[in-house]
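Shown next, in structure tokens, is the structure this report addresses.
Within every chain, numbering begins at 1; the chains are lettered A, B, ... in the order of the sequence lines, protein sequences first and strands thereafter.
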Amino acid sequence: MFLELEKEAEQVLKEALKKVSYEYKDLETGLELEESEHADITSRIAFSLARAYKQPPEIVAADIVNHLEIPAEHTLISNAVAAGPYINFYVNDFFLHKTLQRIKEGVKPVERKAKIILEHTSANPDGPLHIGHLRNAIIGDVLVRVLKRVGYDVKTHFYVNDMGRQIGVVVWGAERIAIADDKKADHAIADVYIAANRMVEANNEFLKDVEALMRKYEAGDEAVVKRYEAMVKKCLSGIQTSLQRLNILHDLFVWESEFVRGGAVKEVIEELKQKGNIKSDSSGSALLLQLEGMEKELVIQRTDGTSLYTARDLAYHKWKSNRCDRMIDVFGKDHELVSQQLAKALQILGVKAPEFVIFEFVSLPTGSLSTRAGRYISADELMEKIEERALKEVDKRREDLDEDKKLEIARKVGIGALRYDMVKVSPDKHIVFDFNDALDIEKKGAPFIQYSHARACSILRAAKEQGFSMGDYEPTLLKEKSEKELIKKLSKFWYIVERASSELKPHLVAKYARELAECFNLFYKDCPVLNAESELRKARLVLVECAKIVLSDTLNVLGIEAPEEM
RNA sequence: GGGCUCGUGGCUUAGCUUGGAUAAAGCACCGGCCUUCUAAGCCGGGGAUCGCGGGUUCGAAUCCCGCCGAGUCCGCCA
């Protein structure tokens, strides 16, 4: 409902600006409407008008407010005042009423918007997901949920890098090192990868074997393809298990080798030769592509004629672009330069520009993560330990529950805490991962929000048991400060989701979730529901119901489960 | 050496795109609150030269320049 409020304030402001002598259209600025702690919505337009018309902003604001006319009917605004240079708007009871009504009515009908393919995680199938991939996966997944919420048709891709050197090393190693069958598949593959890599690094002959393997795979040698596929699929099955546990699903796994053997890479290179500035390396037949504004050329083909990641990724994006209106890639900071090169090369090919969400690295206090060196914390280990810790907390508080129920709550709380932790931080912040900190369930954001939801459920459950109805209610009875604040916060759900979607900033939702839970807790403390007088009880039950819906929706957007009790 | 990002109370962060109302939260710390719907909660308190130095501006955490610190990338890895 906040979005509607914004629209109305905009309308009213525009009308007033027509009446005063200030022509805001002359200015490039908008109406500068924003959230405020001093009002329900505020405008700073007076500042920019003041500058343009050489008047004190206080005078401008007062002048505008004097000409403001708030419609008599169907309005959401009660009044507007000039507070110094600010124009503050306040909502009326109809706004509060309408907000609850909208939430009760259910999902906002969304128009069908563009089709989006969002790629995230895309970890190399050489081992399990570690905490760095976790950040990618969670940022990506929350973005997917945000975009779907506002009506986009989103498909998620996991791009499988099956042609890289790492996989060659794995396949080579698997011939010499036994794969543990008592371990989760991706962890068993990592063991082979780490051991084989040490052998290859120590012996140059082995490296040549690996390269020969890679050439055969690229050429489509049947026996080699079989060996590769077995390893990659094995590893991916483990990765998928981890993702499922995190509540993350991909619609499609796209293998990069498809683009090589299907001829798409070759086509892309031919097309670049026609349209781009390509030259051969002086020493051999490697192909270099000169990109506009780039210092160095991009190598798109090796001296031995085999393909390179960049060329394969170009083919993949070209293929994708024909299947959607927007392409969004969630990449680590190490891929930033590559993403720019990718974008420029795609431009040459006449392919629409992909959008990138770049996140900074997660590192350990001991340094950066590396699967190859075996220096990482796996997502599985983290999930296991955090669920364990969550179970302890449930045990402490709920002796009355049976084991299955406790485990279920611990799982929801543990994974929720993990997801919240990862998504609450802006993607461009570097994270130094602290295991003890990550496991400290008690000071996590997610359980706080889940707890509010459980409290709401608890009230509704009791109300149902006692046969209290909600039916018709009188919204004007909700006049406590905490009630109004809660409703106003509820009204901002769509505003926040819209912003997170248009700015591709998932952490905005995390922040909102916490604030919403806080508002609910204040209401919970201030306003008894079940023991309130009958009419007031009805109204408050409706408010609790609405809070429950929005808390649950918000958690859902974050991919966090909303337990009914905890 | 060059590019990009980050640097906000003891710790973790929001705010920076689009400069404006006392810099906003959580954790930790200190002190209170369970005879009413779950205390994973609520209330109060102390604690910040917004990395440092300049500049633009009536006004800078926010914009510009320089420096320092951290991370990351810089042609045949992905």
Side-chain angles (χ1 to χ4, degrees), chain A residues 28-30 32 34 36-39 42 44 46-48 50-51 56-57 83-86 88 122 124 126 159 161 163-167 256 281 283-289 294-304 306 308-310 312-313 332-338 340 358-361 363 368 390 393-394 396-398 413 421 424-432 434 437 440-452 454-463 466 503 507-508 510-511 514-515 517-518 521-522 524-532 540 544 565-566:
Chain A
E28 287 183 359
T29 159
E32 304 195 37
E34 60 179 20
S36 166
E37 46 185 313
H38 305 280
T42 195
R44 292 178 312 179
F47 281 111
S48 24
R51 189 189 286 268
Y86 299 91
N88 286 343
S122 302
N124 288 329
D126 57 10
Y159 185 54
N161 302 124
M163 302 203 73
R165 185 152 283 156
Q166 325 72 1
I167 312 307
E256 60 174 344
D281 185 55
S283 62
S285 55
L287 293 180
L288 308 177
L289 172 64
M294 290 283 169
E295 239 186 281
K296 292 177 176 175
E297 302 96 338
L298 179 66
V299 182
I300 54 170
Q301 193 174 77
R302 287 195 186 93
T303 306
D304 68 2
T306 57
L308 235 38
Y309 161 82
T310 38
R312 301 191 291 258
D313 214 12
K333 187 71 179 171
D334 57 337
H335 277 56
E336 196 177 42
L337 178 60
V338 170
Q340 286 165 7
I358 305 279
F359 64 95
E360 277 283 1
F361 268 40
S363 61
S368 59
E393 298 297 327
V394 179
K396 247 196 262 178
R397 293 160 230 258
R398 300 298 303 269
V413 168
D421 251 17
K424 74 172 185 197
V425 182
S426 162
D428 44 31
K429 224 98 170 183
H430 172 217
I431 294 178
V432 179
D434 182 310
D437 221 48
D440 199 343
I441 287 286
E442 271 191 304
K443 56 182 185 193
K444 291 295 161 190
F448 176 85
I449 303 154
Q450 290 170 317
Y451 185 64
S452 301
R455 278 179 149 179
C457 290
S458 169
I459 292 175
L460 295 171
R461 211 180 303 126
Q466 293 171 46
E503 297 173 30
H507 70 283
L508 296 179
K511 186 171 177 261
R514 169 162 261 291
E515 290 168 357
E518 198 171 1
N521 282 334
L522 291 181
Y524 182 92
K525 185 207 48 154
D526 277 355
C527 305
V529 178
L530 299 174
N531 292 332
R540 285 186 174 165
V544 173
E565 62 175 320
M566 57 188 278

Side-chain donor/acceptor contact of [X] with base of [N] under 3.5 Å:
X	N	value
A/Thr310	B/A78	no
A/Asn88	B/A21	yes
A/Ser458	B/C37	no

- Message: Give me syn or anti for B/C64, where syn covers glycosidic angles within 90 degrees of 0.
- Response: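 You should classify B/C64 as anti.
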- Is the glycosidic torsion of B/G51 within 90° of 0, making it syn, or is it anti?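 B/G51: anti.
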- Remember a base hit wins even if backbone is also touched, and classify A/Arg455 as base, sugar-phosphate or nothing at under 4.0 Å, heavy atoms.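 Here A/Arg455 touches the backbone only, sparing every base.
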- Query: So which one's nearest nucleotide on RNA chain B is more toward 5', A/Ser368 or A/Lys525?
  - Reply: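 Of the two residues, A/Lys525 wins.
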- Sidechain N-carboxylate O distance under 4.0 Å for A/Glu393, A/Arg397: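 Yes, charged N to carboxylate O under 4.0 Å.
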Any side-chain N or O of [X] under 4.0 Å from OP1/OP2 of [N]?
X	N	result
A/Lys296	B/G75	yes
A/Asn531	B/C37	no
A/Arg165	B/A78	no
A/Arg540	B/C37	no
A/Arg514	B/C27	no

- Item | A/Gln466, CD atom: more than 12 neighbouring heavy atoms under 6.0 Å |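 Count over threshold, so yes.
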- With distance as the sole criterion, is a donor-acceptor pair present between the side chains of A/Asn161 and A/Arg312 under 3.5 Å?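 Side chains of A/Asn161 and A/Arg312: no pair found under 3.5 Å.
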- Query: Using the rule for Phe, Tyr, His and the six-membered ring of Trp, do A/Phe47 and B/G20 stack at under 5.5 Å and under 30°?
  - Reply: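 Stacking is present between B/G20 and A/Phe47, given that their ring centres fall under 5.5 Å apart and the planes under 30°.
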- Query: Does the side-chain ring of A/Phe448 sit on the six-membered ring of the B/A40 base, less than 5.5 Å centre to centre and under 30° in tilt?
  - Reply: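 A/Phe448 ring does not meet the centre or angle cut-off for B/A40; no stack.
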- Item | Distance between C1' atoms of B/G75 and B/G3 (Å, rounded) |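 Comparing C1' positions in B/G75 and B/G3 gives a spacing of 16 Å.
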- Message: Using the C1' atom as the point on both nucleotides, what is the distance between B/U62 and B/G7, in whole Å?
- Response: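 To the nearest whole Å, 14 Å.
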- Query: To the nearest Å, how far apart are A/Met294 CE and B/G75 P?
  - Reply: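 After rounding, the gap between these two atoms is 13 Å.
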- Message: Return a single string for nucleotides 12-19 of chain B, one symbol per nucleotide in 5' to 3' order, where B is base contact, S is sugar-phosphate-only contact and - is none, cutoff 4.0 angstrom on heavy atoms.
- Response: --SS----
